[in-house]
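The first residue in the sequence is number 1, and the count goes up from there.
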Amino acid sequence: MQKRWRILEPTKVLAPEAFPDMHPVGTTLLANRGITDPLEAESFLNPDFETGIHDPMKFTQMKDAIDRVFVAIENGERITVHGDYDADGVTGSTVVITALREVERLVGACGTRPDPSVDRVGSIDRSEGVSLTPLRSNVDYYIPHRDKEGYGLRLATVDILKERGTSLIITVDCGIACVDEIALAKEKGMDTIVLDHHEFGEKLPDGLLIHPRLPGESYPFQFLAAVGVSWKFSCALISEARRRGHDVPIGWEKWLLDLVSIATVTDMVPLVGENRVLLTYGLKVLNKTRRRGLLRLVEAARAKGDLTSESIGFSIGPRINAAGRMDHAELALRLMLSDDDEDASRLAFELEQCNKNRQKAVEGMMKQAEEQMVARSEAEAANPTSIVVLWNAEWSPSLVGLVAGRYMERTGKPCVVYGKHGDHWIGSGRAPNTYNVTDAVRRAGEGILTRSGGHAQACGFSFVKDEEAEIFAERLREDAAAHLKAEDLVPELLVDAELPLDDIDWRLVSTVERLEPYGMGNAKPSFVSRNLELVDVGLVGSTGSHLRFTARSESGRAQKFIAFKFGSRLEELKLGSHVDVVYDIGINEWNGRREIQCKVVDVRISETQS
């Protein structure tokens with residue numbers, strides 16, 4: 001669909017002379033990311049672990065939480081890590097479990113040895129969403145089944161953990177909104193530590209809360225993913241172990257950063273401040289990881305070369321998430337924890353199959369959604385709506401968010417999709433930044449929804465009655481009509497700067513690379529060049545779905561461009577046409593040759609020809 005291009009125009013820019021080794025456009029790229037102070041720019045361009053990582057003990061309740069863990073370990077109490085079923089919950093749980101078991105091992109060797117009779121937990125029962133760890137440890141885990149149990153700590157789970165013998169629950173990527181559940185745990189004699197970063201209500205749970213955005217929280221950085229919070233907790237735990245005389249190698253906790261890098265990307269937290277440092281160093285560790293499960297996962301994903309934030313976003317993250325969507329997230333957690341090559345290979349294969357099944361299932365749902373869209377567009381021809389609402393009782397609630405995301409990207413409209421599991425309709429919504437879909441769902445779902453929550457651009461919800469599916473959809477359409485304007489539905493493409501082709505050189509490539517890693521809050525820089533004459537155009541790829549063209553500027557400079565998935569526009573982009581192109585800069589390596597690659601983000605016929 002046609003996008004509105006907007007070139008960013010920062011009001012303040014550092015003088016290019018301040019960074020003579022960078023391309024002159026470099027300081028504009030920094031300013032577009034809110035960086036106009038020389039010291040701040042230096043910190044951004046050269047993330048430093050020693051100065052960029054905050055002391056975890058700055059969390060208001062961290063000391064009390066760590067003290068409680070040591071009491072539990074030294075007394076041989078059962079500790080259960082209750083994680084979420086997405087990549088953030090899985091990696092965060094892995095970080096916490098790894099650190100707890102390391103401290104448990106040290107305390108077992110140097111302090112009170114846990115009672116061997118409670119070392120073994122039991123077997124795994126995926127069908128009920130119960131995850132029991134068959135390891136000789138007092139640290140076990142529980143990951144809820146996505147469809148059967150849903151998000152967060154449940155009252156029924158509290159009963160299960162009490163029966164298991166748990167005395168300390170540590171929630172990861174959930175818990176901050178589980179007020180009643182944590183109250184029940186306390187009533188049953190179980191304490192709770194919450195490691196979370198989600199939205200919270202007016203009332204907070206009665207537990208030890210490690211959350212960077214709580215009212216009055218003294219921790220100086222608010223935007224950690226749950227895996228980041230988990231790592232801070234683990235660092236504090238390891239630091240306290242050292243203080244108590246246990247021999248933990250210096251830098252041991254840095255080897256957990258491979259996991260931190262994954263969810264810092266997949267959970268779409270802003271890659272600024274401490275997150276930028278965590279991801280920068282996390283990628284270094286990820287590319288040197290000793291973790292057998294991750295190594296086998298990378299092999300199964302056929303990820304080539306150095307792993308980057310893009311590798312995580314397109315290869316590693318989706319496979320971890322596929323476990324919870326298609327089977328049980330415990331599968332991914334066991335892979336991350338595995339220290340046996342044969343076991344890791346088997347689990348990685350299962351995860352790869354989950355991912356393939358996810359892809360196939362989503363394609364089937366998209367085909368059915370297209371049929372709904374065609375029928376609905378005919379009915380709405382005279383009165384089109386500003387939101388897409390789709391539902392089918394046969395659709396898996398685990399996958400509706402993926403369908404919603406695709407339709408939002410395709411149409412520019414907010415999209416809400418729901419499917420059914422058992423007696424419950426469960427759905428997800430996605431929206432552009434011009435519309436708060438979580439608020440919209442709450443308004444439209446008043447008196448209908450049994451549960452809802454989320455962020456401005458993504459939400460989840462559930463309801464029970466079949467007859468309310470259509471009523472809810474109609475209310476959503478009415479809400480969108482009242483709160484959205486036509487201009488809000490035209491997606492905006494932000495462009496960092498306008499460049500002549502003559503400015504594209506290896507110095508620019510080097511400058512762009514210095515802004516890595518990319519992600520939310522630090523998108524890969526994009527540029528626009530205008531009125532370029534197409535002197536060579538052709539289809540590439542096994543199915544001819546991609547375009548490759550050469551464009552020449554008025555000065556005579558020619559540049560090759562690759563346009564992935566633009567093959568359908570071959571008829572429009574004819575030889576001799578003049579085009580405006582938005583693109584990003586990279587390197588193409590082939591047969592030992594390296595050349596600058598301009599990858600097309602968007603292209604249109606120049607206004608002089610329109």
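- Side chains of R507 and P24 form a contact here, defined as non-hydrogen atoms less than 4.5 Å apart.
- For K524, the NZ atom is densely surrounded, since the number of other residues' heavy atoms within 6.0 Å is greater than 12.
- Applying the ring pair (Phe, Tyr, Trp, His ring centres under 6.0 Å) test to pairs two or more places apart or on separate chains, none has a residue in residues 285-305.
- How far CD1 of I316 is from OG1 of T91: 11.5 Å, rounded to the nearest 0.5 Å.
- Salt bridge annotation for R319-E352: present, with a cationic side-chain nitrogen under 4.0 angstrom from a carboxylate oxygen.
- R292 places no side-chain N or O within 3.5 Å of a backbone atom of S338 that could act as its donor or acceptor partner.
- The main-chain N or O of V248 is found under 3.5 Å from a side-chain atom of R242 such that the two form a donor-acceptor pair.
- Using a 4.5 Å cut-off on side-chain heavy atoms (C-beta onward), I143 and S93 make contact.
- The residues R346 and E342 are annotated as not salt-bridged, no charged nitrogen and carboxylate oxygen being separated by less than 4.0 angstrom.
- No donor-acceptor pair under 3.5 Å is formed between the side chain of R78 and the backbone N or O of A72.
- Proximity of M62 to C235: side-chain heavy atoms (C-beta onward) are nowhere separated by under 4.5 Å.
- Side-chain rings of F221 and F223 approach one another, their centers coming within less than 6.0 Å.
- A donor-acceptor contact shorter than 3.5 Å is absent between the side chain of T36 and the backbone of A31.
- S526 and D584 share no side-chain donor-acceptor pair at under 3.5 Å.
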Identify each donor-acceptor pair in which a side-chain atom of residues 83-90 lies under 3.5 Å from a protein atom, sequence neighbours left out, and give them as a table.
unit_1 : atom_1 : unit_2 : atom_2 : d
Y85    : OH     : Y151   : N      : 3.4
D86    : OD1    : D88    : N      : 3.2
D86    : OD1    : G89    : N      : 2.8
D88    : OD1    : A226   : N      : 3.4
D88    : OD1    : V227   : N      : 2.8
D88    : OD2    : H197   : NE2    : 3.4
D88    : OD2    : A226   : N      : 3.0

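- H328 and H145 have perpendicular rings, their planes meeting at more than 60° on a 0 to 90° scale where under 30° would count as parallel.
- Of all heavy-atom pairs spanning I312 and S261, the tightest one is CD1-O, 3.7 Å.
- Between R334 and E350 no salt bridge is recorded (no basic side-chain N to carboxylate O distance below 4.0 Å).
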side-chain contact (heavy atoms from CB on, under 4.5 Å) assessment of R514 paired with N46: CA-CA 8 Å; R514 290 189 67 183; N46 300 291; 3.8 Å; yes
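- Between D191 and L208 there is no side-chain heavy-atom pair separated by less than 4.5 Å.
- Between R68 and D64 there is no salt bridge, since no side-chain nitrogen of the basic residue lies less than 4.0 Å from a carboxylate oxygen of the acidic one.
- Just one of L307, I262, T94 meets the side chain to side chain contact (heavy atoms under 4.5 Å, CB included) condition when paired with L294; it is I262.
- Taking the six-membered ring where tryptophan is involved, the planes of Y219 and F59 are essentially parallel, since the angle between them stays under 30° and well short of 60°.
- Looking only at side-chain heavy atoms (C-beta outward), I73 and N138 stay at 4.5 Å or farther from each other.
- Counting all heavy atoms, side chain and backbone alike, H82 lies closest to C174 at ND1-SG, 3.6 Å.
- In this structure, the side chains of K162 and M190 come closer than 4.5 Å at one or more pairs of heavy atoms.
- Remark: the backbone N or O of Y518 is paired with a side-chain donor or acceptor of S309 at under 3.5 angstrom.
- Using a cutoff of 4.0 Å between basic side-chain nitrogens and carboxylate oxygens, R290 and D339 are not scored as salt-bridged.
- In this structure, the side chains of L297 and L347 stay at 4.5 Å or more apart for every pair of heavy atoms.
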Step-by-step salt bridge (Lys or Arg N to Asp or Glu O under 4.0 Å) determination, K288 to D258: CA-CA 9 Å; K288 298 178 181 179; D258 51 357; over 6 Å; no
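- When each of L30, L45, I35 is checked for a side chain to side chain contact (heavy atoms under 4.5 Å, CB included) with E40, only I35 meets the rule.
- Under the 30°/60° scheme for interplanar angles, the aromatic rings of F49 and W231 are found to stand perpendicular.
- Considering only heavy atoms from C-beta on, V277 stays 4.5 Å or farther from D48 through its side chain.
- By the 4.0 Å N-to-carboxylate-O rule, R101 lies too far from E104 to be salt-bridged with it.
- Remark: the backbone N or O of V269 is not paired with any side-chain donor or acceptor of D267 at under 3.5 angstrom.
- Put simply, CE on M268 and CE on M520 are 6.0 Å apart, with the number rounded to the nearest 0.5 Å.
- Between the side chain of E77 and the backbone N or O of L168 there is no donor-acceptor pair closer than 3.5 Å.
- Of the possible polar contacts, one joining the T264 side chain to the V260 backbone as a donor-acceptor pair under 3.5 Å is found.
- Qualifying side-chain contact (heavy atoms from CB on, under 4.5 Å) partners for E199, counting only residues two or more places apart in sequence or in other chains: R213, H455.
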F70 and I66: CA distance, side-chain angles, deciding distance, side-chain contact (heavy atoms from CB on, under 4.5 Å) verdict: CA-CA 6 Å; F70 269 91; I66 297 302; 3.9 Å; yes
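- In this structure, E595 places its CD atom where more than 12 heavy-atom neighbours from other residues, nucleotides or ligands lie under 6.0 Å away.
- Between the side chains of T308 and E516, not a single donor N or O lies within less than 3.5 Å of an accepting N or O.
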Verdict with supporting geometry, N357 and Q353, side-chain hydrogen bond (donor to acceptor under 3.5 Å, both in side chains): CA-CA 6 Å; N357 292 340; Q353 293 305 117; 5.2 Å; no
